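Just so it is clear, the model here is predicted, and its values are computed rather than measured.
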Amino acid sequence: MSFFTDLGRQYIDGKWRTGSGSWDIIDFNPYNGEKLAAVTVATRFEVDEAYRAAEREQKPWAARSPYARRAVIERALRLTEERQGEIVEAIIDELGGTRIKAEYEVHLGKEFLREAAELAVRPEGRIFPSTTDGKENRVYRLPVGVVGVISPFNFPFLVTLKSVAPALALGNGVVVKPNQNTPVVGGGLIAKIFEDAGLPPGLLNVVVTDIAEIGDALIEHPVPKVISFAGSDRVGRHVGAVTASHFKRAILELSGNSALVVLEDADVDYAVDAAVFSRYVYQGQVCMAANRILVDRAVEAEFTAKFVARVKALKAGDPRDPDTQIGPVINAFQADALTGLVDQALAEGATALVRGRTIGNLVEPTVLTGLPDDSPILRQEIFGPVALLVPFDGEDHAVRLVNDTPYGLSGAVHTADVERGVSFARRIETGMIHVNDGTVHDEPYVAFGGEKQSGLGRLNGDSTVDAFTTQKWISVQHGRSRFPL
């Protein structure tokens, strides 16, 4: 497949090249096992080359008019629109995403490109009064310099763009390390779009590699001032510790264990729709997915019957089939881990209302109920199509259950009373929560991020400006200061 072999390479200092490592990352189609590309890994030497190129090109790029930077982002948006069909097919092949998921990801990617184009002209300086006569205090908003971006496999096109596009628009250079499972959609594909959009060579670089080859070189390197990471909390904890020790800023978007809560006055049919989507979109491989579905006992029987019927009707299979709703998980390791997790829960006393089979990387939907209160599965992220139904007695009980997790990324609550829903949502320890909706949402202008072990910092809108710029205070004394010495 020439598309994947052409873009499954290193992109360093404006050149497409082969890494100098001694082994290859093999890019597989997770559904049928087809080999899409073999990418020879980048070494520490190439990581250094990439960062030095971005550092060299960043200052002249930042000196350009923000309108000129905006024009490049706008051309990238137009190319994304023109190549949408090609990008959708790549997401289906490399991620095992269904067509609906792929189209949704590209749609959101375009929205974030539109936002990035506006961000180019948004930063504003400010003038503050001074306690000293004749002095003015100017605060300038400046790019941080170079940003390192480490992106995940589940939404690689969208999540990579969310950092790359605004970082460039705000005058920074960028080095991307895509996930090993998605080196093209999360790396080469984006580099090609910006190359064709006229971005100066060297400003954006993609290094396809692995920690086994480069260790912490990507986050320890002296050039990048900000590391934007999306992935598991286990790896994120390490990234945060290393970056802090090197006085770098880290933006961490990490694991979740979100809950969708159905209060006794909710529209049950609508809540079922929201819960099915929130748990099973992209096979549940979404950090914001509703791991836990909490239902008031007053509507538990009705909700459970309707939810189980909907889940049993979901079609699992080839993601290229437009009728497929559940495709494969990303690899055999994930498939085996999910199977083991379900087996463990059943051994602890849970009941399977739906028990899906595991066929290769295809993991069919499962619904578990009757979990013991101390079951570990209730407090961890489940990155796959496994739903946990948990009954509760009243709002206070629901709040305790929702907050009984080390994570706090997203959530949802369903009720006939919107203000009751908002009051409930304010009690939940999470970065995002939605009233009468699903748990999986991302919008360009609204702060996105988590609490507790779900991350640090925020992206989107003004939060993105804060993430990829710094402030510089310059005071001007128009008269003469009087010094005490």
Say you draw a straight line from [atom1] of [X] to [atom2] of [Y]; how long is it, rounded to the nearest 0.5 Å?
X	Y	atom1	atom2	result
Ser163	Phe229	OG	CZ	12.0 Å
Ile87	Arg83	CD1	CZ	8.0 Å
Gln334	Asn181	CD	CG	8.5 Å
Asp336	Thr358	CG	OG1	8.0 Å

Within a 6.0 Å radius of atom [atom1] on [X], are there more than 12 heavy atoms belonging to other residues, nucleotides or ligands?
X	atom1	value
Lys315	NZ	yes
Asp373	CG	no
Tyr67	OH	no

Determine, stepwise, if the pair Val446 / His441 fulfils side-chain contact (heavy atoms from CB on, under 4.5 Å). CA-CA 10 Å; Val446 187; His441 291 285; over 6 Å; no
For a quick check under 3.5 Å, do [X] and [Y] share a side-chain donor-acceptor pair by atom type?
X	Y	answer
Ser258	Thr439	no
Asp442	Asn460	yes
Tyr407	Asp233	yes
Gln453	Arg237	yes
Ser151	Thr160	yes
Asn154	Gln285	no

Among Asp404, Asn291, Asp374, Thr405, which residue satisfies the side chain to side chain donor-acceptor pair (under 3.5 Å) criterion with Arg379?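 The option that passes is Asp404.
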In plain terms, say whether [X] and [Y] are close enough for a salt bridge, that is, a side-chain N and a carboxylate O under 4.0 Å apart.
X	Y	result
Lys101	Glu105	yes
Lys306	Asp273	no
Glu81	Arg78	no
Arg99	Glu89	yes

Candidate list Arg141, Arg122, Arg249, test salt bridge (charged side-chain N to carboxylate O under 4.0 Å, His left out), partner Asp466, passing option: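 Answer to the salt bridge (charged side-chain N to carboxylate O under 4.0 Å, His left out) test with Asp466 among Arg141, Arg122, Arg249: Arg141.
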Positive for side chain to side chain contact (heavy atoms under 4.5 Å, CB included) with Glu302, one of Val262, Val295, Val268, Val272: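 The passing option is Val268.
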When Ile251 is tested against each of Val226, Val149, Val147, Ile227 for side chain to side chain contact (heavy atoms under 4.5 Å, CB included), which residue passes?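 The residue from Val226, Val149, Val147, Ile227 that satisfies side chain to side chain contact (heavy atoms under 4.5 Å, CB included) with Ile251 turns out to be Val226.
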Can you name the closest pair of heavy atoms from [X] and [Y] and give their distance?
X	Y	result
Pro123	Leu119	CD-O, 3.0 Å
Gln283	Pro328	NE2-O, 2.8 Å
Ala290	Leu260	CB-CB, 4.0 Å

Does Lys162 qualify as a cation-pi partner of Phe155, given the criterion of NZ or CZ under 6.0 Å from the six-membered ring centre and within 45 degrees of its axis?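 No; the conditions do not both hold, so Lys162 does not lie above the ring face of Phe155.
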Give a yes or no answer on whether the side chain of Glu115 reaches the backbone of Gly461 with a donor-acceptor pair at less than 3.5 Å.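 Between the backbone of Gly461 and the side chain of Glu115 there is a qualifying donor-acceptor contact (under 3.5 Å).
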For Leu378, does its backbone N or O pair with a side-chain atom of Asn257 as donor and acceptor, under 3.5 Å?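 Yes, because the side chain of Asn257 sits within donor-acceptor range (under 3.5 Å) of the backbone of Leu378.
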Mind telling me whether His414 and Tyr270 have parallel, tilted or perpendicular rings, with 30° and 60° as the class edges?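 Ring orientation of Tyr270 relative to His414: tilted.
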When the ring planes of His397 and Phe392 are compared, do they come out parallel, tilted or perpendicular, using 30° and 60° as the limits?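 Rings of His397 and Phe392: perpendicular, as their planes differ by over 60°.
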